[in-house]
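Here the structure is laid out as structure tokens; the discussion comes afterwards.
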2 protein chains.
Amino acid sequence: MNAAAQTLSVEEAKAILKGSDLRCTAARIAVVQSLHSATAPVTSIELAELLSGYGFDKSTIYRSLTELNEADLVVRLDLGDSIRRFELAANYGSGLSEHPHFMCVDCGEVTCLSDFTFELKASSRKVQAPGTISEVLVRGHCTACTS
Amino acid sequence: MNAAAQTLSVEEAKAILKGSDLRCTAARIAVVQSLHSATAPVTSIELAELLSGYGFDKSTIYRSLTELNEADLVVRLDLGDSIRRFELAANYGSGLSEHPHFMCVDCGEVTCLSDFTFELKASSRKVQAPGTISEVLVRGHCTACTS
DNA sequence: TTCTTTTTGCAACTAAGTTGCAAATAATAT
DNA sequence: ATATTATTTGCAACTTAGTTGCAAAAAGAA
Ligand SMILES: [Mn+2]
Ligand SMILES: [Mn+2]
Ligand SMILES: [Zn+2]
Ligand SMILES: [Zn+2]
């Protein structure tokens, strides 16, 4: 897991959960706090391992992540390496502030492209869009692996 | 699997394999032919199941796909549902003709966005690109699932 | 507190893909 | 056409990420 951005108190975590009508259980509080302290998306495995060190079962962590995701409190990223990653929604449930993600195919590092927007351009005016876009993932070679 | 686009003869398949210095085995020929006849990316599972009906072992099919991918004869798509998909490179090994892909999160359908280009735009001039992009994946709700 | 509903831990299971190794096959040399 | 050598295959066992059923525990409401 990565370095703490800042610590979220138990009370703050509880407030976030209550805001989405979720029960405040120890596991969910721990998940919210862990995700909050992360500076990049966290894999389910990392989180399950970290929190099993505090006595939580991995199935509980997986279930918590799914529940928080369904409540739009966390974003679930499927980046193509068959390992799920999660990040706390910037706004705790509103579903705003989506951004594309970049994954390096060499080192596996994942970056939030918060300062970028993506544009899909039809090459001719007769092709129609495939649908409404909800997630954009870009893969390639990161600057560290290229240089 | 999807309907045949056109049939590729054994000799044509062999020529493609030889062009990349790969041995012409029955399994690899069958994989090339199957991928050629597909109109959309094919999952490893579909292909392994189809070809196991002809006596090939699934491990052989998985290995063939990996080898053909490493030779740039086929493109491997990781679309986020932990199931790999493959398509024949349009130009049999040159690595050109890349295009973004769209996956519907509702019905799972995958579309090649051959007629689209993608543009990553920095929101300010001081943010730098994350690296060199090699694959773009867009997920969302397809028109059929939206209407 | 008591009651009711939701959540948890456990262990067993699933799905997709990988691996070691002896036997079979492809390409090459004779 | 046959022998030689390197590569590929089939098999079965394994791995990894995640899921599930169910009884016990915990949360929130009364
Ligand atoms: Mn992000
Ligand atoms: Mn395609
Ligand atoms: Zn990298
Ligand atoms: Zn759809």
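Excluded from the calculations below are hydrogen atoms, water molecules and symmetry mates; all remaining heavy atoms, backbone and side chain alike, are included. First the proteins, then the strands, lettered A, B, ... as listed; each starts at 1.
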Given side chains that start at C-beta, do those of [X] and [Y] come closer than 4.5 Å, heavy atoms only?
X: A:Ser44; Y: A:Tyr62; answer: yes
X: B:Leu77; Y: B:Glu87; answer: yes
X: B:Arg85; Y: B:Val110; answer: yes
X: A:Leu50; Y: A:Ser34; answer: yes
X: B:Leu73; Y: B:Leu22; answer: yes
X: B:Cys142; Y: A:Pro130; answer: no

Contacts of A:Glu11 meeting salt bridge (charged side-chain N to carboxylate O under 4.0 Å, His left out) (sequence neighbours excluded), chain-then-number -> none

Any side-chain N or O of B:Ser64 under 4.0 Å from OP1/OP2 of D:dT8?
no

Does a side-chain N or O from A:Arg28 land closer than 4.0 Å to OP1 or OP2 of C:dT7, or not?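 So the side chain of A:Arg28 is within the cut-off, an N or O lying under 4.0 Å from OP1 or OP2 of C:dT7.
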
In whole angstrom, give the distance that lies between atom [atom1] of [X] and atom [atom2] of [N].
X: B:Ile61; N: D:dT8; atom1: CD1; atom2: C1'; value: 12 Å
X: B:Glu46; N: C:dA15; atom1: CD; atom2: P; value: 16 Å
X: A:Leu17; N: C:dT6; atom1: CG; atom2: C1'; value: 14 Å
X: B:Leu22; N: C:dA26; atom1: CG; atom2: C1'; value: 13 Å
X: A:Ile29; N: D:dA26; atom1: CD1; atom2: P; value: 14 Å
X: B:Phe86; N: C:dG17; atom1: CZ; atom2: P; value: 8 Å
X: B:Lys18; N: C:dA26; atom1: NZ; atom2: P; value: 12 Å
X: A:Asp21; N: D:dA29; atom1: CG; atom2: C1'; value: 14 Å

Considering only heavy side-chain atoms of B:Arg23, the closest of D:dG10, C:dT8, D:dA6 is D:dA6

With a non-hydrogen cut-off below 4.0 angstrom, is A:Ala48 in contact with a base, only sugar-phosphate, or nothing?
->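 Since no nucleic acid heavy atom lies under 4.0 Å of A:Ala48, the category is nothing.
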
### Task
Answer with base, sugar-phosphate or nothing: what part of the nucleic acid does A:Ala26 contact at a heavy-atom distance below 4.0 Å?
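Nothing, no nucleic acid heavy atom in range.
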
So, with a heavy-atom separation below 4.0 Å from DNA chain D, the residues of residues 101-110 of chain A are none

Under a 4.0 Å heavy-atom criterion, the protein footprint on nucleotides 17-22 of chain D, written with B, S and -, is SBBBB-

Q) Can you tell which of B:Lys14, B:Arg23, B:Arg63 makes a side chain to side chain contact (heavy atoms under 4.5 Å, CB included) with B:Arg28? A)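 Answer to the side chain to side chain contact (heavy atoms under 4.5 Å, CB included) test with B:Arg28 among B:Lys14, B:Arg23, B:Arg63: B:Arg23.
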
Determine whether more than 12 heavy atoms belonging to other residues, nucleotides or ligands lie under 6.0 Å from atom CD of A:Glu12.
yes

